[in-house]
Amino acid sequence: VQLQASGGGLVQAGGSLRLSCEASGRTFSWLGMAWFRQAPGKEREFVAANNWGSGRTFYADSVKGRFTISRDNAKNTLTLQINSLKPEDTAVYYCTADKSHYSSGTWYPELWGRGTQVTVSS
């Protein structure tokens with residue numbers, strides 16, 4: 001299984017982007033899927049997650065109310081709708097997946113896709 005993220009780009013503050021992650025192969029076994037991001041000079045950080053089955057979603061405090069994660073198992077896609085972008089959202093965004101459900105602080109995804117760059121100008 002491979003993950004391929006797309007949809008990044010350069011956008012002005014306040015704008016929106018829609019990131020997509022396409023998974024090759026079956027996704028039903030990936031109980032947890034999530035987006036992480038890494039800004040220049042900073043550690044990689046959790047952004048949002050979606051658990052298969054319950055459909056429960058999780059968000060970092062910094063993105064709550066602005067980001068929306070969704071998943072379509074029929075289409076093997078994970079989507080991140082990003083609104084009200086801020087310069088501090090500038091980062092490479094990674095799509096991830098694991099055979100376990102996401103759990104805050106203890107989840108280490110097995111599968112990482114290549115990132116997509118999001119740059120927000122002020």
Side-chain angles (χ1 to χ4, degrees):
V1 178
Q2 292 185 328
L3 302 175
Q4 181 62 52
S6 62
L10 173 63
V11 63
Q12 289 188 334
S16 299
L17 282 173
R18 188 176 181 86
L19 306 185
S20 294
C21 174
E22 183 175 354
S24 60
R26 303 178 72 179
T27 60
F28 75 90
S29 60
W30 302 103
L31 299 182
M33 296 188 75
W35 291 92
F36 284 72
R37 67 184 181 186
Q38 186 167 21
K42 295 186 178 181
E43 293 186 353
R44 195 169 293 180
E45 65 174 358
F46 167 76
V47 175
N50 177 289
N51 281 343
W52 184 81
S54 67
R56 190 177 176 188
T57 57
F58 306 82
Y59 296 94
D61 288 342
S62 59
V63 307
K64 283 181 180 177
R66 300 188 298 122
F67 289 21
T68 302
I69 188 171
S70 60
R71 180 173 175 175
D72 187 335
N73 285 334
K75 296 181 179 180
N76 290 350
T77 58
L78 181 72
T79 300
L80 186 68
Q81 178 66 42
I82 308 175
N83 298 325
S84 303
L85 277 159
K86 304 176 181 180
E88 52 263 43
D89 293 321
T90 295
V92 177
Y93 284 71
Y94 297 91
C95 175
T96 69
D98 194 79
K99 293 183 177 66
S100 65
H101 283 118
Y102 171 81
S103 180
S104 177
T106 63
W107 194 73
Y108 304 100
E110 174 184 341
L111 190 64
W112 290 75
R114 294 181 64 181
T116 184
Q117 176 72 48
V118 172
T119 303
V120 184
S121 62
S122 57

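Because only heavy atoms are used, hydrogens play no part in the values below, and waters and symmetry mates are left out as well, while side chains stay in.
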inquiry  = In the structure I gave you, are the side-chain heavy atoms of L17 and L85 within less than 4.5 Å of one another anywhere?
reply    = yes
query = Using 30° and 60° as the class limits, which term best fits the ring planes of F36 and W112: parallel, tilted or perpendicular?
reply = tilted
N/O donor-acceptor pair under 3.5 Å between T79 side chain and S70 backbone = no
inquiry  = Distance to the ring centre below 6.0 angstrom and angle to the axis at most 45 degrees; does that hold for R71 and W30?
reply    = no
query = Can you name the closest pair of heavy atoms from L80 and A48 and give their distance?
reply = CD1-CB, 4.2 Å
query = Out of curiosity, C95 SG to Q4 CD, how far, rounded to the nearest 0.5 Å?
reply = 9.5 Å
query = Which atom names give the shortest non-hydrogen contact between D98 and Y108, and what distance separates them?
reply = OD1-O, 3.4 Å
inquiry  = Are the side chains of C21 and L3 in contact, using a 4.5 Å heavy-atom criterion?
reply    = yes
remark   = One should read off an interatomic distance between I82 CD1 and F67 CZ, to the nearest 0.5 angstrom, of 4.5 Å
Point-to-point distance, once rounded to the nearest 0.5 Å, from CG of L10 to OG1 of T90 = 8.5 Å
request  = Side-chain contact test, heavy atoms from C-beta onward, threshold under 4.5 Å: evaluate it for R37 versus L19 and give yes or no.
outcome  = no
Side-chain ion pair, D61 and K64, N-O less than 4.0 Å = yes
request  = Please examine the side chains of K86 and V120, heavy atoms only from C-beta on, and report whether any two atoms are closer than 4.5 Å.
outcome  = no
ask   = When you measure from the side chain of S20 to the backbone N and O of S6, does any donor-acceptor pair fall under 3.5 Å?
value = no
task = Under the side chain to side chain contact (heavy atoms under 4.5 Å, CB included) rule, what do V47 and Y94 come out as? Steps first, then yes or no, please.
result = CA-CA 9 Å; V47 175; Y94 297 91; over 6 Å; no
ask   = Any idea which heavy atoms bring A13 and S122 closest together, and the distance?
value = CB-CA, 4.4 Å
query = When rounded to the nearest 0.5 angstrom, what distance separates CD in Q12 from OG1 in T119?
reply = 13.0 Å
request  = Look at the rings of Y102 and F46 and say which category their plane angle falls in: under 30° parallel, 30 to 60° tilted, over 60° perpendicular.
outcome  = parallel
key: Atom CZ of R44: over 12 foreign heavy atoms under 6.0 Å   = yes
query = Given N83 and S16, is the side chain to side chain donor-acceptor pair (under 3.5 Å) satisfied, shown in steps?
reply = CA-CA 4 Å; N83 298 325; S16 299; 3.0 Å; yes
task = Return yes when atom CD of Q81 has more than 12 non-hydrogen atoms of other residues, nucleotides or ligands closer than 6.0 Å, and no otherwise.
result = yes
request  = Compare all side-chain heavy atoms of M33 with those of I69 and state whether any distance is below 4.5 angstrom.
outcome  = no
side-chain contact (heavy atoms from CB on, under 4.5 Å) partner of K75, the single match among N73, T77, L78 = T77
CD-CD distance between Q38 and Q117, expressed to the nearest 0.5 angstrom = 11.0 Å
ask   = What's the spacing between F58 CZ and W107 CH2 if we round to 0.5 Å?
value = 10.0 Å
